[in-house]
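Protein chains get the first letters and strands the later ones, always in sequence-line order, with residue 1 at the start of each. The structure displayed is predicted, hence computed values, not measured ones.
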Number of protein chains: 2
Amino acid sequence: MIINHKEYVFKLHNQTYHCAMDVTMSYIGGKWKTVLLWYLRNQTRRFGELKKQIPDITEKMLSLQLKALEEDGLVKREVYAEVPLRVEYSLTDFGKTLVPVIEAIAAWGRNLGETEGKLVEK
Amino acid sequence: MIINHKEYVFKLHNQTYHCAMDVTMSYIGGKWKTVLLWYLRNQTRRFGELKKQIPDITEKMLSLQLKALEEDGLVKREVYAEVPLRVEYSLTDFGKTLVPVIEAIAAWGRNLGETEGKLVEK
DNA sequence: CAGGATCCTGCAAGATACTG
DNA sequence: CAGTATCTTGCAGGATCCTG
């Protein structure tokens with residue numbers, strides 16, 4: 001890697017990062033962001049749809065994390081003036097650049113589950 | 001993805017994961033693990049060496065995270081009976097399977113720093 | 001040199017209730 | 001349907017001092 005502590009730092013999010021890992025993790029870190037990005041990776045989804053896919057997330061966290069992803073420019077939020085209200089979330093072009101990373105993370109976890117036999121039916 | 005909430009779960013770390021993302025993140029999540037894995041990705045390093053590369057980490061966190069990585073089977077710890085004490089950390093074969101993931105995460109962050117011009121000299 | 005022991009704190013995340 | 005508003009909590013992470 002060209003970049004290390006001694007020569008460069010990253011200025012992002014009004015913060016200073018010393019390592020490229022930290023930069024990426026500031027976008028996808030935390031408990032929920034990778035999961036959300038996973039479900040948005042190849043399709044537009046509605047709020048309730050995401051909630052249904054991720055039963056353990058609270059509405060508060062779903063709302064909060066989607067907002068954070070939107071502020072980071074990864075996710076696009078579109079509101080349709082219908083009744084009942086319809087709001088759709090999808091990846092921006094910028095967000096799509098993260099898909100290979102997301103896929104790599106998912107693939108490793110999936111592979112571990114399969115090879116280690118830790119994957120069990122519900 | 002073959003795996004989703006409806007059909008399968010992962011049993012790991014004495015816990016249940018609903019999503020492959022969570023499995024991987026349980027190994028590399030948190031503030032320090034990706035950084036440590038980054039510095040260990042292609043070479044053996046000593047405790048003090050890691051501390052020097054990552055000035056912001058406290059000795060406690062360095063010790064704690066290395067121990068966690070060791071317990072997860074990603075990192076190997078070797079003690080040499082010398083004075084002064086020498087302890088070397090390196091990736092296990094299992095840990096090395098994570099390198100592509102680590103590289104992908106680093107590459108994305110590095111690329112963002114470069115294209116966005118957020119990369120500045122110290 | 002490579003840590004362990006303690007004490008402490010902030011904030012990510014949860015619970016619950018309510019609303020345009 | 002798609003959220004907000006409060007209140008609460010747990011634990012990741014920090015600060016500091018000590019040691020084989």
Side-chain angles (χ1 to χ4, degrees), chain A residues 13-19 21-22 25-37 39-40 43-72 75-90, chain B residues 13-19 21-22 24-37 39-40 44-72 75-90:
Chain A
H13 288 146
N14 220 10
Q15 256 204 283
T16 301
Y17 299 97
H18 299 275
C19 173
M21 305 304 296
D22 292 335
M25 292 312 276
S26 78
Y27 282 88
I28 68 171
K31 190 172 176 180
W32 297 114
K33 285 182 184 168
T34 51
V35 181
L36 288 176
L37 291 170
Y39 284 106
L40 291 172
Q43 61 198 288
T44 295
R45 292 198 189 259
R46 303 180 59 174
F47 188 90
E49 202 177 342
L50 288 166
K51 189 161 134 57
K52 200 174 167 189
Q53 294 291 325
I54 315 168
D56 289 347
I57 200 171
T58 63
E59 290 176 351
K60 176 198 161 186
M61 287 315 292
L62 183 51
S63 170
L64 233 52
Q65 299 302 313
L66 284 169
K67 197 174 294 179
L69 290 170
E70 194 190 353
E71 274 169 17
D72 279 346
V75 162
K76 179 173 45 185
R77 179 176 185 271
E78 289 179 294
V79 185
Y80 297 87
E82 302 174 356
V83 179
L85 192 55
R86 182 159 62 100
V87 181
E88 292 191 342
Y89 295 90
S90 59
Chain B
H13 289 145
N14 221 10
Q15 256 206 284
T16 300
Y17 299 97
H18 300 274
C19 173
M21 305 304 295
D22 293 334
T24 308
M25 293 311 274
S26 77
Y27 281 88
I28 68 171
K31 190 172 177 182
W32 298 113
K33 285 182 183 168
T34 50
V35 183
L36 287 176
L37 291 170
Y39 284 107
L40 291 171
T44 295
R45 290 197 192 261
R46 302 181 58 177
F47 188 90
E49 202 177 343
L50 289 166
K51 189 163 136 55
K52 200 174 166 189
Q53 294 292 325
I54 315 166
D56 288 346
I57 200 170
T58 62
E59 291 176 353
K60 174 197 162 187
M61 288 313 292
L62 183 50
S63 170
L64 233 53
Q65 298 303 313
L66 284 170
K67 196 173 296 181
L69 291 171
E70 195 191 351
E71 275 169 14
D72 280 347
V75 162
K76 180 171 46 185
R77 179 178 186 270
E78 287 179 294
V79 185
Y80 297 86
E82 301 173 359
V83 179
L85 193 57
R86 184 159 61 100
V87 181
E88 293 191 343
Y89 295 91
S90 59

Between CG of B/Leu62 and C1' of D/dT16 the distance, given in whole Å, is 17 Å
Please check the phosphate of C/dA2 (OP1 and OP2 only) for any side-chain N or O of B/Arg86 closer than 4.0 Å.
no
B/Glu78 atom CD is separated from C/dG3 atom P, nearest whole Å, by 13 Å
Any B/Tyr89 side-chain heavy atom under 4.5 Å of B/Leu69 side chain | no
Residues passing the salt bridge (charged side-chain N to carboxylate O under 4.0 Å, His left out) test with A/Glu78, sequence neighbours excluded, are none
Where do N or O atoms of nucleotides 10-14 of chain C meet protein N or O atoms at under 3.5 Å, pair by pair?
unit_1 : atom_1 : unit_2  : atom_2 : d
C/dA13 : OP1    : A/Lys31 : N      : 2.7
C/dG14 : OP1    : A/Lys31 : NZ     : 2.5
C/dG14 : OP2    : A/Trp32 : NE1    : 3.1
C/dG14 : N7     : A/Lys60 : NZ     : 3.3
C/dG14 : O6     : A/Lys60 : NZ     : 2.3

Sorted by chain and residue number, the salt bridge (charged side-chain N to carboxylate O under 4.0 Å, His left out) partners of A/Glu70 (sequence neighbours excluded) come out as none
- Using a cut-off of strictly less than 4.0 Å, decide whether A/Tyr89 has a side-chain nitrogen or oxygen near OP1 or OP2 of D/dG3. yes
Between CG of A/Leu36 and P of D/dA2 the distance, given in whole Å, is 15 Å
- Item | Test item: A/Asp56 and A/Trp32 side chains (from C-beta on) under 4.5 Å apart, heavy atoms | yes
What one should report as the nearest heavy-atom pair of A/Arg46 and A/Leu85 is NH2-O, 3.3 Å
In whole angstroms, the gap separating C1' of C/dA2 from CZ of B/Arg45 amounts to 17 Å
For A/Thr44 and A/Ser90 the tightest heavy-atom approach is OG1-CB, 3.4 Å
Margin query: Measuring to OP1 and OP2 of D/dA2, would you say a side-chain N or O of A/Arg46 lies under 4.0 angstrom away?
Written below: yes
Atom CE of B/Met25 and atom P of D/dA12 are separated, to the nearest Å, by 14 Å
Per atom distances to the B/Lys67 side chain, the nearest of D/dG3, C/dG4, C/dA2 is C/dG4
For A/Ser26 and A/Lys33, the nearest pair of non-hydrogen atoms, with its separation, is O-NZ, 3.9 Å
Between CD1 of B/Ile54 and C1' of D/dG13 the distance, given in whole Å, is 15 Å
Would you tabulate the pairs of protein nitrogen or oxygen atoms and nucleotide nitrogen or oxygen atoms of nucleotides 18-20 of chain D closer than 3.5 angstrom?
none

Rounded to 10°, the angle between the first-five-pair and last-five-pair axes of the helix from C/dC1-D/dG20 to C/dG20-D/dC1 is 60°
When you compare the side chain of A/Lys31 with that of A/Met61, does any pair of heavy atoms fall below 4.5 Å? no
Q. So B/Val75 and B/Arg77, side chain to side chain contact (heavy atoms under 4.5 Å, CB included) or not? Walk me through it.
A. CA-CA 7 Å; B/Val75 162; B/Arg77 179 178 186 270; 5.5 Å; no
So salt bridge (charged side-chain N to carboxylate O under 4.0 Å, His left out) across residues 58-68 of chain A, not counting sequence neighbours, yields A/Lys51-A/Glu59
Check: Does a side-chain heavy-atom distance below 4.5 Å link A/Leu50 with A/Ile57?
Finding: no
